[in-house]
Amino acid sequence: MKRILTGLQPSGELTIGSLIGGISQTIKYQDEYESFIFVPDLHAITVPQDAKLLHERIKKNVALYIASGVNPEKNTIYIQSDNLYHTNLAWILECNTYMGEASRMTQFKDKSSKFKNIPVGLFTYPILMASDILLYDADYVPVGIDQKQHVELARDIAIRFNGKYGDTFKIPEPLIPKTGAKIMDLQDPTKKMSKSETNPKGIIYLLDDEKTIRKKIMSAVTDSEAKVCYDPEKKPGISNLLTIYAYFKKVTIEESEKEFIGKNYGEFKTKVADIVVEELLKIQEKYNEIMKDNQIDIILNKGKEITTEIAKKKYEEVVKKIGLGR
Ligand code: TYM
């Protein structure tokens, strides 16, 4: 059985972008593939975090994966920092990655431009991500378009390592959703909806209440044409709302476009808000139930046990091949 693996950083509250680009694909493939989903908490500290908030978000995120439809019986769910092999292998991979290829990462360029003193971890972040993937011989890595370059780097590192030391790592492939690979900010639809953005007005969080969701959607930036149609270049705001609508309504973008022929933006936005509220309230109801009992710890303990065993085997194979240790 093929294996999929993905992670969502606890660097901020999860958004509908995290759901549509990240979690939804895991849910889609959980019957077909062996599935691993984890919380990359070590990635979150590549930028400053409040320790208390970070800690709270780790379990909260796991509860949100499950509330969104990730079945803990069908997925191995775990925390990155629970398994020391991730960082151990990352070091070895760092020694097999070139400055040139790591310097090409566009996310590093974007994120580092915000710092006067750039944390080194922000630069080596994609190599830790390669370790997350390669430790488990993942066949597919479901991600939004922003993470595609990182998965490609993981592929390049694996190919180089295999060439140098013999067949060791499976070469992973990114799985990018056809619809919703990049959900945009509602206030600035030319940029990604990001959980680490400080202005919450353009972001719909999975735990936003009904009033907040409606307000954010009704005040989403659009254009002056008053025609609901999909054209991400000329109409990024409307196209983004159509993508969100199509995802939650479980229809195609073309079907959504047809539904709104002749409708004005007010009517369209109200319908988008209705479906987002309906679906997010269902997730929130499940989330509240999950947070009441202790099943998350049981799930994470099981995940830790399963993944540590797999990672240990792969790590020991690597150590032997490169001549480390006794
Ligand atoms: P992160 O936490 O930024 O995002 C988690 C997943 O959600 C997707 N995503 C989006 N998709 C569409 N539109 C958006 N606005 C949007 N925002 C987020 C992301 O593409 C991603 O799939 N480095 C990763 C976490 C990670 C990881 C891994 C992922 C660490 N190790 C190994 C896969 C495999 C990250 O920061 O994702």
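Whatever order the structure lists them in is the order used to number ligands and atoms, beginning at 1. No experiment lies behind these values; they were computed from the predicted model shown.
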Would you say that Val272 contacts Phe248 through its side chain, given a criterion of any heavy-atom pair below 4.5 Å between the two side chains?
no
Please identify which atoms of ligand 1 are closer than 4.0 Å to at least one heavy atom of Ile183.
12 (C), 13 (N), 14 (C), 15 (N)
Run down the list Thr46, Ile20, Leu14, Asp146 and name the one with the heavy atom closest to atom 20 (O) of ligand 1.
Asp146
Taking only heavy atoms of His43 into account, list the atoms of ligand 1 that are under 4.0 Å away from them.
30 (C), 31 (N)
Would a distance-only check, ignoring hydrogens and angles, find a side-chain to backbone donor-acceptor pair under 3.5 Å from Thr46 to Leu42?
no
Hey, looking at atom 29 (C) of ligand 1, which of Gly7, Pro174, Ala138, Gly144 has the closest heavy atom?
Gly7
In ligand 1, the atoms that come under 4.0 Å of a heavy atom of Gly21 are 11 (N), 12 (C)
For atom 23 (N) of ligand 1, the protein heavy atom that lies nearest, with its residue and separation
Tyr125 OH, 2.7 Å
Candidates Gln107, Lys195, Lys182; heavy atom nearest atom 3 (O) of ligand 1 found on Lys195
Check for a donor-acceptor pair, side chain of Lys269 on one end and backbone N or O of Ala220 on the other, with a separation under 3.5 Å.
yes
Here's a test for you: under salt bridge (charged side-chain N to carboxylate O under 4.0 Å, His left out), which of Lys321, Lys313, Lys320 qualifies with Glu317?
Lys321
I want to confirm something. Looking only at heavy atoms, which of Gly17, Ala44, Gly12 is nearest to atom 9 (N) of ligand 1?
Gly17
Among protein heavy atoms, which sits nearest to atom 12 (C) of ligand 1, and what does the distance come to when rounded to 0.1 Å?
Ala181 O, 3.3 Å
Quick check on the hydrophobic clustering: are Ile66 and Ile283 connected, directly or via other members, by side-chain heavy-atom contacts under 4.5 Å?
yes
Please write down residue, atom name and distance for the protein heavy atom closest to atom 31 (N) of ligand 1.
Asp132 OD2, 2.7 Å
Report the C-alpha separation of Gln25 and Thr6 in whole Å, then their side-chain angles, then the decisive distance to 0.1 Å, and conclude whether the side-chain hydrogen bond (donor to acceptor under 3.5 Å, both in side chains) test is met.
CA-CA 9 Å; Gln25 295 202 88; Thr6 200; over 6 Å; no
Are His86 and Tyr136, when compared by the centres of their aromatic rings, separated by less than 6.0 Å?
yes
Provide the number and element of each atom of ligand 1 under 4.0 Å from a heavy atom of Gln9.
2 (O), 35 (C), 36 (O)
As an exercise, identify every atom of ligand 1 less than 4.0 angstrom from a heavy atom of Phe38.
28 (C), 31 (N), 32 (C)
Is the backbone N or O of Leu5 less than 3.5 Å from a side-chain atom of Tyr33, with the two atoms forming a donor-acceptor pair by type?
no
Out of Pro10, Ser24, Gly22, indicate the one that has the non-hydrogen atom closest to atom 6 (C) of ligand 1.
Gly22
Where ligand 1 meets Pro40 - atom numbers and elements under 4.0 angstrom, heavy-atom basis
25 (C), 26 (C), 30 (C)
At less than 4.0 angstrom from any non-hydrogen atom of Gly180, what atoms of ligand 1 do you find?
12 (C)
Which value, rounded to the nearest 0.5 Å, describes the distance between Ile204 atom CD1 and Met193 atom CE?
5.0 Å
Val141 heavy atoms within 4.0 Å reach ligand 1 at atoms 33 (C), 34 (C)
Can you tell me if NZ on Lys111 sees more than 12 non-hydrogen neighbours from other groups inside 6.0 Å?
yes
